[in-house]
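To start, the structure under review is shown below, and the notes come after it.
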Amino acid sequence: MIRLGLCCIFKNQPIRFRRTTARYMKGFTRKGQIDRLSDICLENARSLSKALRFCDENSIGSFRVNSQILPLMTHPEVGYDIDDLPLSDAIKSHFRTCGEFASTRDIRLTFHPDQFVLLSSKTLSVTRNSIAELEYQAQIAEWINADVINIHGGGMYGNKKDALVRLEKEILKLSEPVRSRLTLENDDRIYTPSDLLPVCLKTRTPLVYDVHHHRVNPDDLAVCDVTPLVLKTWNREPLFHISSSKNGRNRNDQRKHHDFIEPGDFPECWRNLDITLEVEAKAKEEAVLKFKKDIGI
């Protein structure tokens, strides 16, 4: 069975996740910052509950949680610990209720940290900040029973081989709450499935296979050849990504995502797999529901 996943936000549903910026927060006293951040975090926890209810009502089996659901938590100047917030008990309670609801309704929850999370970086401070971000997301993941924190390989920094060695070493040093959820994803510029599979096997880190990225940034493996190799990296239900090119697959700039998924972009060799398939499309919930109907799952 294929369960489809909705990513982070909604296009038409009245469900919103609030964000803020460090620049804005710096205009307040520390107490003012904490009070405002506390309100935002509680509102976002409530919005997650609404998002999960929408997924349940529409037979959407997975939801990717916005990586800034607790905004600015690891920021060096305005960051905070959850227990610093006056509404911390209510916030944690709402998240745990979300986790219970998701488990009861068999809705899988995942995270996909922002692009600044780089475990292959040569810069110590970047690596340190990346690990702090992963720890923060693992903390929420424990509250809501999320089993995936998915990252890219990062930059090449002039030498792909050395970058992959750094990536492997940093993965092996991560805490258990992060390690047990961490996954790697092939990207559309640097790291192909062939690049990441050896790291995944050595570190026992599952590979999230993005078929659109593979088509844009190919290696010597065909989609239906790499699929069984990816499946072997998983010790739980595999997670894949699908998207379609806004400009079509035969044009120069194929990276931009389409509003919807072209049914022909779905690999037929996936049809009988038991996987989660996150739909990365700009039309969000409308794209998931249309794709579900188009391919008959």
Side-chain angles (χ1 to χ4, degrees), residues 1-8 55 58-64 106-110 112 147-148 150-153 183-201 205-297:
M1 181 196 77
I2 296 177
R3 74 168 87 207
L4 296 184
L6 172 61
C7 297
C8 301
C55 289
N58 290 275
S59 300
I60 296 173
S62 181
F63 185 72
R64 181 193 296 174
D106 192 27
I107 300 171
R108 189 182 195 182
L109 298 177
T110 70
H112 194 352
D147 73 328
V148 169
N150 181 46
I151 65 171
H152 291 288
T183 61
L184 292 175
E185 177 190 346
N186 60 297
D187 63 71
D188 59 359
R189 294 182 184 275
I190 299 173
Y191 293 106
T192 68
S194 294
D195 292 324
L196 294 178
L197 278 167
V199 176
C200 290
L201 293 171
T205 303
L207 180 64
V208 172
Y209 180 34
D210 189 309
V211 68
H212 174 65
H213 289 170
H214 195 198
R215 286 165 175 156
V216 173
N217 181 28
D219 50 22
D220 58 353
L221 295 171
V223 171
C224 294
D225 292 328
V226 75
T227 295
L229 300 177
V230 171
L231 294 176
K232 289 178 181 179
T233 68
W234 285 88
N235 61 358
R236 52 197 186 278
E237 183 175 303
L239 173 65
F240 287 15
H241 289 175
I242 191 167
S243 52
S244 291
S245 174
K246 179 180 179 180
N247 297 318
R249 282 168 59 182
N250 296 319
R251 304 217 180 156
N252 290 332
D253 184 6
Q254 299 179 44
R255 291 186 173 89
K256 294 180 180 178
H257 288 181
H258 198 288
D259 287 351
F260 295 94
I261 305 296
E262 292 291 338
D265 286 338
F266 174 72
E268 279 300 317
C269 61
W270 290 5
R271 186 167 291 277
N272 296 318
L273 298 181
D274 294 323
I275 61 172
T276 299
L277 183 57
E278 288 186 338
V279 175
E280 297 186 322
K282 292 184 178 179
K284 297 300 178 180
E285 75 276 17
E286 303 300 327
V288 176
L289 296 174
K290 182 178 185 300
F291 183 57
K292 183 180 181 70
K293 182 178 179 181
D294 285 345
I295 65 172
I297 60 172

Residues L229, L197; criterion side chain to side chain contact (heavy atoms under 4.5 Å, CB included); working and verdict = CA-CA 8 Å; L229 300 177; L197 278 167; 4.1 Å; yes
Starting at [atom1] of [X], measure out to [atom2] of [Y] and round the result to the nearest 0.5 Å.
{"X": "E285", "Y": "I60", "atom1": "CD", "atom2": "CD1", "result": "7.5 Å"}
{"X": "L239", "Y": "S62", "atom1": "CG", "atom2": "OG", "result": "6.5 Å"}
{"X": "I107", "Y": "T276", "atom1": "CD1", "atom2": "OG1", "result": "12.0 Å"}
{"X": "D188", "Y": "R215", "atom1": "CG", "atom2": "CZ", "result": "13.5 Å"}
{"X": "L289", "Y": "L4", "atom1": "CG", "atom2": "CG", "result": "9.0 Å"}
{"X": "F240", "Y": "L277", "atom1": "CZ", "atom2": "CG", "result": "8.5 Å"}

Grab the two heavy atoms, one from [X] and one from [Y], that are nearest each other, plus how far apart they are.
{"X": "T205", "Y": "T183", "result": "CG2-CA, 3.8 Å"}
{"X": "E280", "Y": "I261", "result": "O-CD1, 4.3 Å"}
{"X": "V226", "Y": "P193", "result": "CG2-CB, 3.6 Å"}
{"X": "E278", "Y": "T110", "result": "OE2-OG1, 2.6 Å"}
{"X": "F63", "Y": "C8", "result": "CZ-O, 3.5 Å"}

query = Yes or no on side chain to side chain contact (heavy atoms under 4.5 Å, CB included) for R189 and N217, after CA distance, side-chain angles and deciding distance?
reply = CA-CA 6 Å; R189 294 182 184 275; N217 181 28; 5.6 Å; no
ask   = Going by atom types alone, do T192 and N186 pair a side-chain donor with an acceptor below 3.5 Å?
value = no
inquiry  = Looking only at the side chains, is there a donor atom on one of D265 and S244 sitting less than 3.5 Å from an acceptor on the other?
reply    = yes
query = If you measure from the Lys or Arg side-chain nitrogens to the Asp or Glu carboxylate oxygens, is any gap between R3 and D274 under 4.0 Å?
reply = no
query = Would K282 and F260 satisfy side chain to side chain contact (heavy atoms under 4.5 Å, CB included), going step by step from the backbone distance to the final call?
reply = CA-CA 7 Å; K282 292 184 178 179; F260 295 94; over 6 Å; no
Does any part of the side chain of [Y], heavy atoms only, come nearer than 4.5 Å to the side chain of [X], both counted from C-beta?
{"X": "P238", "Y": "V230", "answer": "no"}
{"X": "K232", "Y": "W234", "answer": "no"}
{"X": "L231", "Y": "I275", "answer": "yes"}
{"X": "H241", "Y": "N150", "answer": "yes"}
{"X": "Y191", "Y": "E185", "answer": "no"}
{"X": "T227", "Y": "L273", "answer": "yes"}
{"X": "R236", "Y": "V148", "answer": "yes"}
{"X": "V211", "Y": "W270", "answer": "yes"}

Donor-acceptor contact present, side-chain [X] to main-chain [Y], <3.5 Å:
{"X": "T233", "Y": "L207", "value": "yes"}
{"X": "R108", "Y": "G61", "value": "no"}
{"X": "R64", "Y": "C7", "value": "no"}

query = Under the side chain to side chain contact (heavy atoms under 4.5 Å, CB included) criterion, do L184 and I151 qualify, and how do the steps go?
reply = CA-CA 5 Å; L184 292 175; I151 65 171; 3.7 Å; yes
request  = Compute the ring centroids of H258 and H212, then answer whether they are less than 6.0 Å apart.
outcome  = no
ask   = Would the Y209 and H214 ring centres measure less than 6.0 Å apart?
value = yes
request  = Kindly assign one of parallel, tilted or perpendicular to the pair H152 and H112, based on the angle between their ring planes and the thresholds 30° and 60°.
outcome  = tilted
